[in-house]
Protein chains: 2
Amino acid sequence: MENKITPAQHTEMPDLEVLFDLADLFKVFGDSTRIRIMFTISDNEMSVLSIAEALNMEQSTISHQLRVLRQNKLVRVRREGKQIYYSLDDDHVKKIIEMGLDHVLE
Amino acid sequence: MENKITPAQHTEMPDLEVLFDLADLFKVFGDSTRIRIMFTISDNEMSVLSIAEALNMEQSTISHQLRVLRQNKLVRVRREGKQIYYSLDDDHVKKIIEMGLDHVLE
DNA sequence: TTAACATATGAACATTTATTCATATGTTCA
DNA sequence: TGAACATATGAATAAATGTTCATATGTTAA
């Protein structure tokens, strides 16, 4: 179904700084723990401990990785009492993952 | 234009193995040298030396990174005489980069 | 075959990064 | 206030990764 004839598309090379940011963004997706976290919270928001239990990993590990996701604006945070709930920031994130999945699954 | 109402979409968590592959794929995009290489050859195929010159980096560095791209099936290779020409493997690759760019550029 | 050139590769090194442990911070409830 | 719980964080360690240097492999043309 592909093979639409695409006009020779001149891809402008973005500024170096943007390229570094881009690489940094993909770096965040380039860790299986973070990927698993993102899948885990893709349907419903979840508390840190729930995520840790779901993945059978240490709370500390999850917390460290959630920080990375937070710093890169890939997750949303909401506090409710003692717990802190994390969810994916937007559908953008899902789409990036889907694109990658497409490629991995041939 | 977004904000189409999306049905609560049950995102199945893929097998662990797939998740590792997915992380590995993104890992490849998570290096600025490789990103720059991909942009450099996104319009036209280029020889290893040309790429190295374009990026002002060592031939060895580029060759090592091209190997990573090759192993992950992100580039196509064509030999012509002494030179070896690299190009992006498919539009898939471009799309993944574009998705990332969208997020980086807000 | 040899010289000149293009690319690939192994080893070494420096840097980055993920995880763990221990503990700090923050919240609730008695 | 203090105890119990949830989360965050700093330091330490081990593992992974990118670049460089030196050199090997492969190709062409004389």
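The chains referred to below are lettered A, B, ... by the order of the sequence lines, with proteins before strands, and numbering in each begins at 1.
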S.K.: Indicate the atoms forming the closest heavy-atom contact of B/Ala54 with B/Met46, along with that distance.
M.R.: CB-CE, 4.4 Å
S.K.: Categorize B/Tyr85 for me: base, sugar-phosphate, or nothing, with a 4.0 angstrom heavy-atom threshold over every strand shown.
M.R.: nothing
S.K.: Would you check if A/Leu16 and B/Arg36 make a side-chain contact, meaning some heavy-atom pair closer than 4.5 Å?
M.R.: yes
S.K.: How many Å lie between CD1 on B/Ile35 and C1' on D/dT17, as a whole number?
M.R.: 16 Å
S.K.: Nearest whole Å is fine: how far is D/dA15 P from A/Asp31 CG?
M.R.: 16 Å
S.K.: Quick check on DNA chain C: between A/Gly81 and A/Gly30, whose nearest nucleotide comes earlier from the 5' end?
M.R.: A/Gly30
S.K.: Which pair of heavy atoms, one from A/Ile96 and one from B/Phe26, lies closest together, and at what distance?
M.R.: O-CZ, 3.4 Å
S.K.: Return the 5'-most residue of the pair B/Arg79, A/His64 with respect to DNA chain C, ranking by each residue's nearest nucleotide.
M.R.: B/Arg79
S.K.: CD1 of B/Ile37 versus C1' of D/dG18: gap in Å, rounded?
M.R.: 11 Å
S.K.: C/dA30 pairs with which nucleotide, Watson-Crick or G-U wobble, both distances below 3.5 Å?
M.R.: D/dT1
S.K.: Side chains of B/Ser63 and B/Gln59: does their closest heavy-atom pair fall under 4.5 Å?
M.R.: yes
S.K.: Without decimals, in angstroms, what is the distance between B/Gln59 CD and D/dT20 P?
M.R.: 12 Å
S.K.: Give me the first and last nucleotide of DNA chain C, going 5' to 3', that has any atom under 4.0 Å from a heavy atom of chain A.
M.R.: C/dT17 to C/dT28
S.K.: What I want to check is whether the side chains of B/Tyr86 and B/Arg70 have a donor and an acceptor closer together than 3.5 Å.
M.R.: yes
S.K.: Write down the distance between CZ (A/Arg67) and C1' (D/dG10), rounded to a whole number of angstrom.
M.R.: 9 Å
S.K.: side-chain hydrogen bond (donor to acceptor under 3.5 Å, both in side chains) with A/Glu80: which of A/Lys82, A/Gln83, A/Arg78?
M.R.: A/Arg78
S.K.: From CG of B/Leu49 over to C1' of D/dT27, roughly how many Å is that when rounded to an integer?
M.R.: 14 Å
